[in-house]
A.B. asks: 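Quick one: structure below, then a few questions.
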Amino acid sequence: MPKPTYPVLFFKPITAIGGPTDVIPVPKIAQIDNETDYECELVIVIGKKALNVSEADALDYVLGYAVGNDVSQRAWQIKKGGGQWSVGKMFDGWAPFGPAIVSSKIITNPQHLRISTKINGQTVQSENTSDQIFGVAKTIAFLSQGTTLLPGDVIFTGTPSGVGMGRKPQYWLRNGDVVEIELENVGTIVNKVVYEKDVKAKL
């Protein structure tokens, strides 16, 4: 695909946040077409109010970094209703991240970190944040134009190649799959995919 002129933006609600070892619950609405996908991503955590900041100053507003999984249901994101990006990405627990927030004083250059995904122990994504189309500073600068970013805001920054949608044959997350996502100098999150009927049974 051609590179976008501006970052593609969508919002996930706070209820989408999950912990580094929480299950990824797949509700019935996301099971219909069974196109649930994974996306390893560098995660930015904002440390202070940012409004109309320049790219040169943007990293000064970062509290720290984590690694996350922008879990996505491709049928809803792309095919249904003219492209329901938020619906395809907003389900409860569909933004697990962690395993900690590593200070920006420790990670001074977020644009040279290895990032990878394993499904059931098999590597499916393995790249470097140096390949990002829009780096951390540019992303923060863009998002803060006319919109105030607040302390604690969490920004997922995009995924490298290797997602299930782009594989041949395509691979969609299945009930019981274990997803491990690792970012250099940050650590690994490990989340199990659990279909809704099993979540209710567990409760």
Side-chain angles (χ1 to χ4, degrees), residues 7-8 10 12 14 16-26 30 35-47 59 62-74 77 88-140 152-168 170-194:
V8 176
F10 58 88
K12 288 197 175 196
I14 194 169
I17 295 226
T21 59
D22 291 349
V23 300
I24 299 170
V26 180
E35 293 187 6
T36 302
D37 209 345
Y38 51 87
E39 295 188 15
C40 66
E41 302 197 9
L42 166 68
V43 175
I44 307 164
V45 181
I46 296 296
L59 295 186
V62 178
L63 173 69
Y65 303 96
V67 66
N69 186 356
D70 174 23
V71 185
S72 304
Q73 216 286 351
R74 302 303 189 188
Q77 179 191 352
K89 292 172 173 280
M90 73 180 189
F91 300 116
D92 290 356
W94 278 35
F97 81 104
I101 299 170
V102 180
S103 172
S104 57
K105 294 179 181 178
I106 295 172
I107 297 178
T108 56
N109 179 12
Q111 300 306 154
H112 195 66
L113 303 171
R114 293 188 306 275
I115 189 167
S116 62
T117 301
K118 291 181 180 179
I119 307 292
N120 303 324
Q122 179 181 351
T123 299
V124 291
Q125 292 182 283
S126 182
E127 298 289 345
N128 194 290
T129 57
S130 61
D131 290 332
Q132 287 183 318
I133 297 171
F134 303 102
V136 171
K138 185 170 288 188
T139 297
I140 293 170
D153 279 351
V154 175
I155 302 170
F156 282 60
T157 59
T159 195
S161 62
V163 296
M165 179 176 63
R167 302 182 75 84
K168 294 182 181 181
Q170 292 178 322
Y171 184 87
W172 307 118
L173 292 174
R174 304 183 182 98
N175 192 29
D177 279 351
V178 176
V179 186
E180 300 176 62
I181 293 182
E182 182 178 6
L183 179 64
E184 182 181 7
N185 295 336
V186 169
T188 305
I189 61 172
V190 182
N191 305 96
K192 186 176 182 179
V193 177
V194 179

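Residue numbers run from 1 in the order of the sequence given.
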A.B. asks: Taking all non-hydrogen atoms of both residues, which atom of Pro25 and which atom of Gly93 are closest, and how far apart?
C.D. replies: CD-CA, 4.2 Å
A.B. asks: Assign the ring pair Tyr38 / Tyr171 to parallel, tilted or perpendicular, where the plane angle (0 to 90°) is split at 30° and 60°.
C.D. replies: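 The rings of Tyr38 and Tyr171 sit tilted, inter-plane angle from 30° to 60°.
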A.B. asks: If I take atom OG1 from residue Thr117 and atom CD from residue Glu127, how far apart are they, to the nearest 0.5 angstrom?
C.D. replies: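 Here the interatomic distance stands at 10.5 Å.
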A.B. asks: If only atom types and distance count, is the side chain of Glu41 paired as donor or acceptor with the main-chain N or O of Thr157 below 3.5 Å?
C.D. replies: yes
A.B. asks: Say whether, by atom type as modelled, one donor and one acceptor occur between the side chain of Gln170 and the main chain of Gly164 under 3.5 angstrom.
C.D. replies: no
A.B. asks: Could you give me the CA-CA distance, side-chain angles and deciding distance for Gln77 and Met165, then say whether side chain to side chain contact (heavy atoms under 4.5 Å, CB included) is met?
C.D. replies: CA-CA 12 Å; Gln77 179 191 352; Met165 179 176 63; 5.7 Å; no
A.B. asks: Atom CG of Leu59 and atom CD1 of Ile140: how far apart are they, to the nearest 0.5 Å?
C.D. replies: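 One gets 6.0 Å once the value is rounded to the nearest 0.5 Å.
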A.B. asks: Please find the pair of heavy atoms, one from Ser72 and one from Lys89, that lie closest to each other, and give the distance.
C.D. replies: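 Nearest pair, atom of Ser72 first, then Lys89: OG-NZ, 2.7 Å.
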A.B. asks: Is the side chain of Asn185 donor-acceptor paired with the backbone N or O of Arg114 at a distance under 3.5 Å, no angle test?
C.D. replies: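 No, because the side chain of Asn185 does not come within donor-acceptor range (under 3.5 Å) of the backbone of Arg114.
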A.B. asks: Is there a side chain to side chain contact (heavy atoms under 4.5 Å, CB included) between Val163 and Gln125 once you walk through the steps?
C.D. replies: CA-CA 7 Å; Val163 296; Gln125 292 182 283; 3.6 Å; yes
A.B. asks: Checking the side chain of Thr129 only, and the main-chain atoms of His112 only, is there a donor and an acceptor separated by less than 3.5 Å?
C.D. replies: yes
A.B. asks: Search all heavy atoms of Val62 against all heavy atoms of Ser104 and return the closest pair with its distance.
C.D. replies: O-OG, 2.9 Å
A.B. asks: Nearest 0.5 Å, please: how far is CG in Asp177 from CD in Gln122?
C.D. replies: 10.5 Å
A.B. asks: Give, for atom CZ of Phe97 and atom CG of Asn191, the distance between the pair rounded to the nearest 0.5 Å.
C.D. replies: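 Between atom CZ of Phe97 and atom CG of Asn191 there are 11.5 Å.
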A.B. asks: According to side chain to side chain donor-acceptor pair (under 3.5 Å), who are the partners of Lys12, at least two apart in sequence or on a separate chain?
C.D. replies: Asp70
A.B. asks: For residues 153-167, which residue pairs pass the salt bridge (charged side-chain N to carboxylate O under 4.0 Å, His left out) check, not counting sequence neighbours?
C.D. replies: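 Applying salt bridge (charged side-chain N to carboxylate O under 4.0 Å, His left out) to every pair that reaches into residues 153-167, excluding sequence neighbours, yields nothing.
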A.B. asks: May I ask you to decide if Leu173's main-chain N or O and Thr36's side chain share a donor-acceptor pair within less than 3.5 Å?
C.D. replies: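 Side chain of Thr36 to backbone of Leu173, a donor-acceptor pair under 3.5 Å: no, none is there.
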A.B. asks: Donor-acceptor pair, Gln111 side chain versus Val136 backbone, under 3.5 Å?
C.D. replies: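 Between the backbone of Val136 and the side chain of Gln111 there is a qualifying donor-acceptor contact (under 3.5 Å).
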A.B. asks: Can you see which heavy atom on Ala30 is nearest to which on Phe91, and at what distance?
C.D. replies: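 That closest heavy-atom pairing would be CB-CE1, 3.9 Å.
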A.B. asks: State, yes or no, whether a side-chain contact exists between Cys40 and Pro160 at a heavy-atom distance under 4.5 Å.
C.D. replies: yes
A.B. asks: Decide side chain to side chain contact (heavy atoms under 4.5 Å, CB included) for Trp94 and Gln73; before the verdict, give the C-alpha distance in whole Å, the side-chain angles of both, and the deciding distance to 0.1 Å.
C.D. replies: CA-CA 10 Å; Trp94 278 35; Gln73 216 286 351; 3.7 Å; yes
A.B. asks: Side-chain contact, heavy-atom cut-off 4.5 Å: Pro20 with Thr188?
C.D. replies: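 No, side chains not in contact.
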A.B. asks: Quick one: closest heavy-atom pair of Arg74 and Trp172, and the distance?
C.D. replies: CG-CZ3, 3.4 Å
A.B. asks: Write down the atom of Gly121, the atom of Lys118, and the distance for their closest heavy-atom approach.
C.D. replies: O-CD, 4.0 Å
A.B. asks: Hey, does Ile115 have a side-chain heavy atom less than 4.5 Å from the side chain of Val67?
C.D. replies: yes
A.B. asks: What's the separation between atom CG in Asp92 and atom CD1 in Ile24, rounded to the nearest 0.5 Å?
C.D. replies: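 Between Asp92 CG and Ile24 CD1, I get 13.0 Å after rounding to 0.5 Å.
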A.B. asks: Just one of Asn69, Ile17, Val23 clears the side-chain contact (heavy atoms from CB on, under 4.5 Å) bar with Pro96, so which one?
C.D. replies: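 Exactly one candidate clears the test, Asn69.
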A.B. asks: Are Leu183 and Val43 close enough, and set up right, to give a side chain to side chain contact (heavy atoms under 4.5 Å, CB included), and what steps lead you there?
C.D. replies: CA-CA 10 Å; Leu183 179 64; Val43 175; over 6 Å; no
A.B. asks: Strictly distance-based, threshold 3.5 Å: is any side-chain N or O of Gln132 a donor or acceptor partner for the main-chain N or O of Gly158?
C.D. replies: no
